[in-house]
Amino acid sequence: MFCYQCQETARGKGCELRGVCGKMPATSARMDLLLYAVRGVAAINRALRKEGLASREASHEIIDALFTTITNANFDDASLDDFILRAFEIKKSLLATAGANGVALPDLPQIAFSATPDEAKEYESVTGVLAEPDEDIRGLKQLAIYGCKGMAAYARHAANLGYEDDAVYEVIENAMAETARTDIGIDELLKLVLYVGDGGVKVMALLDKANTESYGNPEITKVDIGVRDRPGILISGHDLKDLEELLEQSAGKGVDVYTHSEMLPGQYYPAFKKYPHFAGNYGNAWWKQTDEFETFNGVFLFTSNCIVPPRKNCTYLDRVYTTGVVAMPGTHHIEADPDGKKDFSALIERAQTCPPPTEIEHGQIVGGFAHHQVISLAPKIIDLIGRGKIRKFVVMAGCDGRFPSRSYYTDFAKALPEDCVILTAGCAKYRYNKLPLGDIEGVPRVLDAGQCNDSYSLVRIALALKDALGVESVNDLPIVYNIAWYEQKAVIVLLALLSLGVQDIHTGPTLPAFFTPDILKVLQEKFNIGTISTVEEDIANLIGK
């Protein structure tokens with residue numbers, strides 16, 4: 001195997017024997033084959049789209065295949081085999097549609113049109129992205145693909161709520177098809193990467209609309225981090241539709257529902273506050289689950305990526321339920337019915353037999369500072385800026401991870417001058433959202449906008465501040481960017497910011513392995529992207545004295 005799509009890849013170069021995430025070589029090989037298959041599906045559907053014949057089923061297969069291959073989503077070979085077979089069946093159907101309608105197919109390697117997995121394997125070693133001999137072209141293709149994986153995750157969450165945009169599917173299909181070309185050059189790929197970033201803005205706007213129109217605008221909320229005295233269900237991941245269905249089905253059943261990791265922002269939506277059994281948040285970022293799940297005692301529902309293979313002696317695996325694109329051997333998978341509904345009754349009945357969670361911390365954390373909420377505070381914030389009470393906003397969005405070097409972000413938050421406010425989204429928040437950083441005349445110094453996809457809120461906030469302060473560009477605002485990355489949804493957030501022309505972004509704790517020196521040089525020249533160094537140096541460079 002070879003995989004370098006996450007920040008923790010082996011030796012900072014690539015996992016070859018086994019994934020640091022726990023992914024086995026056979027699983028990785030299936031993911032590679034699935035990606036080859038959907039590149040072909042994307043190329044054919046793109047050709048059909050130009051003639052008004054695109055298949056929505058094909059678009060769904062593409063986003064689900066990309067989503068299920070994202071880091072920490074699917075570790076189950078049987079599940080991946082189903083994805084692969086379905087992709088080839090859809091490819092056959094698309095080819096038949098193209099033939100019946102005289103649609104010209106693009107001039108791409110044979111792998112785009114191979115009709116069976118065995119035929120695909122014959123070509124993958126010579127036409128796959130990793131077979132590309134030019135490291136810069138290879139790296140840019142991977143950057144586009146990983147951006148598409150992040151887009152696909154957000155597109156699926158929006159689709160689950162009934163919100164879809166063919167413009168989003170078109171970006172993904174075009175990018176996947178273009179990465180199959182053997183004649184594409186550096187300049188074209190650089191444009192493609194920014195095109196994917198533009199698609200990232202579109203899909204995050206779509207998901208923001210889906211979430212807020214379905215559940216209301218997030219509002220400032222104090223979230224308990226202790227426990228109650230009843231059995232609990234811990235819901236993890238990102239899918240708010242799953243959270244809604246779980247809360248509705250578990251109401252009055254003698255159990256409480258807690259959020260975990262990136263599901264924490266579900267606490268901020270008004271629609272969910274009507275459920276008295278919607279308890280607080282349990283635990284911290286995704287990577288601590290192997291310890292914290294042992295003390296929760298109840299059952300677990302994973303709605304998207306962020307699942308981690310448990311330790312061999314774990315006691316909770318049989319109480320883990322997965323749904324959507326998530327799968328793990330030894331767990332229980334819940335499929336949606338033809339109408340998209342899910343039956344969580346078995347999960348709820350299992351939870352009723354469990355003891356209450358063991359408390360691991362207590363107190364409250366505050367969140368709910370998405371764009372609608374922060375913009376309503378704009379007059380106060382503008383006043384604080386004008387009086388010199390707020391000097392800088394520091395965007396510290398992105399992902400958390402296991403490496404000890406991540407302590408940099410905690411230390412950076414602690415070292416920030418007291419006239420600086422952190423804008424955050426994503427699980428990176430767990431490095432500092434429980435620190436006693438205080439407030440500035442009632443405005444908390446950590447403003448949590450929500451999940452990683454809610455980085456769009458940070459863009460909306462910046463644009464609102466630009467208009468309020470009368471500056472020409474978001475780059476003229478008192479905002480600096482110090483963003484942590486781990487997986488592919490952080491990649492699409494970065495590309496979205498670049499597509500909007502945001503300059504001077506610092507990222508870490510390490511650069512992606514697929515960033516060659518030349519790729520980094522180009523991004524530095526165009527966008528002045530930087531990398532983190534020491535807390536002291538970065539405070540001096542980003543904030544000043």
Side-chain angles (χ1 to χ4, degrees), residues 26-70 73-125 127-129 145 148-149 151-153 155-156 159-160 164 166 168-170 172-180 322-327 333-340 342:
T27 307
S28 181
R30 284 172 167 82
M31 289 184 174
D32 289 343
L33 181 56
L34 178 56
L35 288 177
Y36 287 121
V38 298
R39 283 163 64 203
V41 173
I44 302 166
N45 211 39
R46 178 179 69 165
L48 292 173
R49 189 176 296 281
K50 294 177 181 177
E51 304 299 328
L53 298 170
S55 162
R56 182 58 66 84
E57 180 188 16
S59 296
H60 287 173
E61 173 68 13
I62 292 166
I63 64 170
D64 288 345
L66 289 168
F67 192 1
T68 206
T69 60
I70 212 167
N74 195 336
F75 295 85
D76 186 73
D77 291 350
S79 169
L80 291 167
D81 287 341
D82 289 341
F83 273 103
I84 292 167
L85 293 174
R86 188 162 57 248
F88 280 101
E89 287 301 314
I90 290 174
K91 185 185 290 189
K92 288 180 184 178
S93 176
L94 296 179
L95 287 169
T97 300
N101 291 276
V103 177
L105 296 176
D107 182 18
L108 290 173
Q110 178 62 34
I111 194 165
F113 312 113
S114 54
T116 68
D118 287 339
E119 289 176 355
K121 290 176 183 177
E122 181 182 346
Y123 294 100
E124 67 181 56
S125 62
T127 62
V129 173
I145 291 170
C148 286
K149 288 191 178 191
M151 280 188 68
R156 169 42 67 192
N160 287 346
E164 300 188 66
D166 281 328
V168 169
Y169 296 144
E170 185 176 358
I172 294 174
E173 290 164 11
N174 186 63
M176 293 300 292
E178 289 295 285
T179 61
T322 61
T323 191
V325 302
V326 191
H333 191 75
I334 299 173
E335 292 283 1
D337 67 19
D339 295 323
K342 296 177 181 178

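It should be emphasised that the depicted structure is a prediction, and the values quoted were computed from it without experimental measurement.
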Is the side chain of Thr68 donor-acceptor paired with the backbone N or O of Val325 at a distance under 3.5 Å, no angle test? yes

Once you round to the nearest 0.5 Å, how far does CD1 of Ile70 lie from SG of Cys148? 11.5 Å

At their closest point, which heavy atom of Ala65 faces which heavy atom of Val38, and how far apart are they? CB-CG1, 3.4 Å

Check Asn45, Ile145, Val41 against Met176 for a side chain to side chain contact (heavy atoms under 4.5 Å, CB included) and give me the one that passes. Ile145

Intermediate values then yes/no, side-chain contact (heavy atoms from CB on, under 4.5 Å), Ser55 and Thr97: CA-CA 10 Å; Ser55 162; Thr97 300; over 6 Å; no

NZ/NE/NH1/NH2 to OD/OE distance under 4.0 Å, Glu89 and Arg86: no

Would Asp166 and Arg56 satisfy side-chain contact (heavy atoms from CB on, under 4.5 Å), going step by step from the backbone distance to the final call? CA-CA 9 Å; Asp166 281 328; Arg56 182 58 66 84; 2.9 Å; yes

Between Lys342 and Asp337, is there a salt bridge with N-O shorter than 4.0 Å? no

Should Phe83 and Asn74 be marked as a side-chain contact (heavy atoms from CB on, under 4.5 Å) after you check the CA-CA gap, both sets of side-chain angles, and the distance that decides it? CA-CA 11 Å; Phe83 273 103; Asn74 195 336; 4.2 Å; yes

Would you say the side-chain atoms of Ser59 pair up with the backbone N or O of Tyr169, donor to acceptor, closer than 3.5 Å? no

Charged N-O contact under 4.0 Å between Glu178 and Arg46: yes

Shortest non-hydrogen contact from Ala87 to Ala37? CB-CB, 3.9 Å

Between the main-chain N or O of Val103 and the side-chain N or O of Asn101, is there a donor-acceptor pair closer than 3.5 Å? no

Might you point out which heavy atoms bring Thr323 and Ile334 nearest each other, and give the distance in Å? OG1-O, 2.8 Å

Donor-acceptor under 3.5 Å (His333 side chain, Val326 main chain): yes

Distance in Å, Asp64 CG paired with Glu61 CD, rounded so as to fall on 0.5 Å steps: 6.5 Å

Spacing of CZ belonging to Arg39 relative to CG belonging to Leu66, to within rounding of 0.5 Å: 11.5 Å

Scanning both residues in full, the closest heavy-atom pair of Ala58 with Ile90 reads CB-CG2, 3.8 Å

Looking only at non-hydrogen atoms, find the nearest pair between Met151 and Ile172 and report the distance. CE-CG1, 3.7 Å

Are the charged groups of Glu173 and Arg49 less than 4.0 angstrom apart, N to O? yes

Is there a donor-acceptor contact under 3.5 Å from the side chain of Asn174 to the main chain of Glu170? no

Nearest-0.5 Å distance, OG1 of residue Thr322 to CZ of residue Phe75: 12.0 Å

Which heavy atom in Ala104 sits nearest to a heavy atom in Ala47, and how many Å separate them? O-CB, 3.8 Å

Looking at CG of Leu35 and CD1 of Ile62, how far apart are the two atoms once the value is rounded to the nearest 0.5 Å? 11.5 Å

Gap between atom CG of Leu105 and atom CG of Leu95 - 0.5 Å precision: 6.5 Å

